[in-house]
Amino acid sequence: MPELPEVETIVRQLRRQIIDRTIASIRVFWPRTIEGNKTEFRRRLCGLTVAGVWRRGKYIGVEGEDGTFFTVHLRMTGKLVGALDTADRRHLRLRFTFTDGTKLHFVDARKFGRLRLWPCRGESCPGLGPEPLCPETVRRVLKHLRTNRPVKSVLLDQAILAGIGNIYADEALFLAGIHPLTQAAVLNAGQQELLSRSVPRILKLAIGRRGTTLRNYRTLADQSGGNQEHLNVYGRTGAPCFTCGTPIERIRINGRSSHFCPKCQRSGVGRQ
DNA sequence: AACAGCACCTGTAGGC
DNA sequence: TGCCTACAGGTGCTGT
């Protein structure tokens with residue numbers, strides 16, 4: 001569910017909420033929520049005073065004063081909330097109680113979300129590509145790609161760039177005027193440049209709007225995102241393109257829906 | 001290497 | 001109303 005902008009929004013709020021607080025107890029309602037050794041997870045985290053909260057790709061990282069580090073991945077429907085409402089109650093998977101009595105709940109309808117302990121921050125989340133928030137980075141990555149995979153698949157590959165999901169991949173490709181099936185290695189210099197700018201731009205705009213809420217996503221403060229009002233292609237199958245009026249199409253690429261304007265995004269097609 | 005298919009899970013929307 | 005199907009913002013595994 002949440003992609004980089006949603007996770008970034010949550011992390012910013014989490015910093016204000018839990019830094020300098022000490023975990024008093026942890027209650028687990030769905031054991032598979034914790035990856036790895038559950039006993040050690042509990043042992044290392046109880047008594048932990050939170051020193052920092054970080055984002056890496058779609059991971060939330062929490063660091064203790066002693067360097068203890070754990071991550072939260074929300075996957076499709078996970079969320080962190082301070083206050084539980086009635087609907088959340090049945091999907092409660094884990095609860096942190098802090099020494100001052102405040103609580104942090106991990107709620108996750110589909111049970112895909114995971115918490116995991118790491119040896120330290122530096123050893124967490126191995127295999128993730130660089131952050132896609134500045135054009136320089138995206139430019140460098142695109143330039144060195146030697147793959148025939150569709151550019152849409154490449155954008156979704158967390159080992160290549162970390163944090164882009166299905167919504168923002170589609171939106172960035174629209175902004176760059178590139179067809180999602182275009183083979184990554186055949187993007188010319190101009191297309192690489194357009195995509196290098198559009199990926200960070202789309203993500204930063206979405207962060208500024210606190211992310212995109214389509215159904216489940218809520219911020220820590222239980223707010224909706226605002227970016228869903230600004231989507232050009234995602235979820236707009238059959239609706240007219242805002243630029244040219246052509247109906248937006250949907251196809252499947254690697255099992256994921258891809259939305260695009262067949263007229264504005266002809267670039268790259270038929271020239272592979 | 002890279003793809004499809006499936007697994008993990010539950011909820012919701014739409015068709016009949 | 002109820003049943004059935006398709007689909008969902010993610011990732012990881014297996015087989016080909």
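Just the heavy atoms: all of them, side chains too, but no hydrogens, waters or symmetry mates, feed the values below. In what follows, chains are A, B, ... by sequence order, proteins preceding strands, each numbered from 1. As the structure is a prediction and not an experimental result, all values here were calculated from the model.
Within 4.0 Å of P150(A), counting heavy atoms only, lie sugar-phosphate atoms of the nucleic acid but no base atom. Nucleic acid contact class of T147(A) (heavy atoms, under 4.0 Å, all strands): sugar-phosphate only. Backbone-only contact: R90(A) has heavy atoms under 4.0 Å from sugar-phosphate atoms and none from a base. Counting any heavy atom pair closer than 4.0 Å across all strands shown, N254(A) reaches sugar-phosphate atoms only and no base atom. Nucleic acid contact for R252(A): sugar-phosphate only, since backbone atoms but no base atoms lie under 4.0 Å from a heavy atom of the residue.
Nucleotide dG9(C): unpaired (no Watson-Crick or G-U wobble partner with both distances less than 3.5 Å). Searching all strands for a Watson-Crick or G-U wobble partner of dC9(B) with both distances below 3.5 Å returns nothing.
In this structure, the NZ atom of K58(A) is 4 Å from the P atom of dG10(C), given to the nearest Å. In this structure, I164(A) places its CD1 atom 14 Å from C1' of dG9(C), rounding to the nearest Å. Computed from coordinates, the H230(A) NE2 to dG9(C) P distance equals 20 Å when rounded to whole Å. When rounded to the nearest whole Å, the span between CZ of R146(A) and C1' of dA2(B) equals 18 Å. Atom NZ of K152(A) is separated from atom C1' of dG9(C) by 11 Å (rounded to the nearest Å). If you measure from atom CD1 of I160(A) to atom P of dA2(B), you get 8 Å, rounded to the nearest angstrom. Between the C1' atom of dC8(B) and the CD atom of E35(A) lies a distance of 12 Å, rounded to the nearest Å. With rounding to whole Å, L155(A) atom CG is found 15 Å from dG9(C) atom C1'.
Under the 3.5 Å distance criterion, the side-chain polar atoms of R210(A) are matched with a main-chain donor or acceptor of S224(A). Although no hydrogens or angles enter the test, the distance criterion places no donor-acceptor pair under 3.5 Å between the side chain of K58(A) and the main chain of A162(A).
Comparing the C1' positions of dG9(C) and dC3(B) gives an interatomic distance of 23 Å, to the nearest angstrom. Of the P atoms belonging to dC9(B) and dA6(C), the separation is 22 Å, rounded to the nearest Å. Distance check on atom P: dG5(B) versus dC7(C) gives 13 Å, rounded to whole Å. Comparing dT5(C) with dC6(B), their P atoms sit 15 Å apart, to the nearest whole Å.
Side-chain N/O atoms of H73(A) include one lying less than 4.0 angstrom from OP1 or OP2 on dT11(C). Within the 4.0 Å cut-off from OP1 or OP2 of dC3(B), at least one side-chain nitrogen or oxygen of R149(A) is found. An OP1 or OP2 oxygen of dT10(B) is reached within less than 4.0 angstrom by a side-chain nitrogen or oxygen of K111(A). For dG12(C), neither phosphate oxygen OP1 nor OP2 lies less than 4.0 angstrom from any side-chain nitrogen or oxygen of R114(A). Side-chain nitrogen and oxygen atoms of Q158(A) include at least one within less than 4.0 Å of the OP1 or OP2 phosphate oxygen of dT11(C). Regarding contacts with the backbone of dG11(B), a side-chain N or O of H91(A) is found under 4.0 angstrom from either OP1 or OP2. Contact between the side-chain N/O atoms of T77(A) and the OP1/OP2 oxygens of dA8(C) is not found at any separation under 4.0 Å.
Stacking between F112(A) and dC9(B) is absent: the aromatic ring centre is not both under 5.5 angstrom from the base six-membered ring centre and within 30 degrees in plane angle.
For the pair R250(A) and Y234(A), the NZ or CZ position fails the cation-pi test of under 6.0 Å to the six-membered ring centre and within 45 degrees of the ring normal.
For the residue pair N216(A) / T77(A), no side-chain donor-acceptor distance below 3.5 Å is found, with atom types taken as modelled. Using a 3.5 Å distance cut-off with no hydrogens or angles, the side chains of D170(A) and H259(A) do pair a donor with an acceptor. For the residue pair Y168(A) / E6(A), a side-chain donor-acceptor distance below 3.5 Å is found, with atom types taken as modelled.
Residues N148(A) and R215(A) both approach DNA chain B. Their nearest nucleotides, taken by heavy-atom distance, put N148(A) toward the 5′ side.
Distance from the side chain of Y59(A) is smallest for dG12(C) among the nucleotides dG9(C), dG12(C), dA8(C). In this structure, the nucleotide among dT10(B), dT11(C), dC8(B) sitting nearest to the side chain of R32(A) is dC8(B). Looking at the side chain of Y217(A), the nearest of the listed nucleotides dG9(C), dT10(B), dA8(C) is dG9(C). Comparing dG12(C), dG9(C), dG11(B) by their nearest atom to the side chain of A109(A) picks out dG11(B).
Between the side chain of R110(A) and the base of dA8(C) there is at least one donor-acceptor pair of N/O atoms closer than 3.5 Å.
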Could you check F96(A) against F70(A) for ring pair (Phe, Tyr, Trp, His ring centres under 6.0 Å), going step by step and ending with a plain yes or no? CA-CA 13 Å; F96(A) 294 104; F70(A) 71 97; 5.8 Å; yes
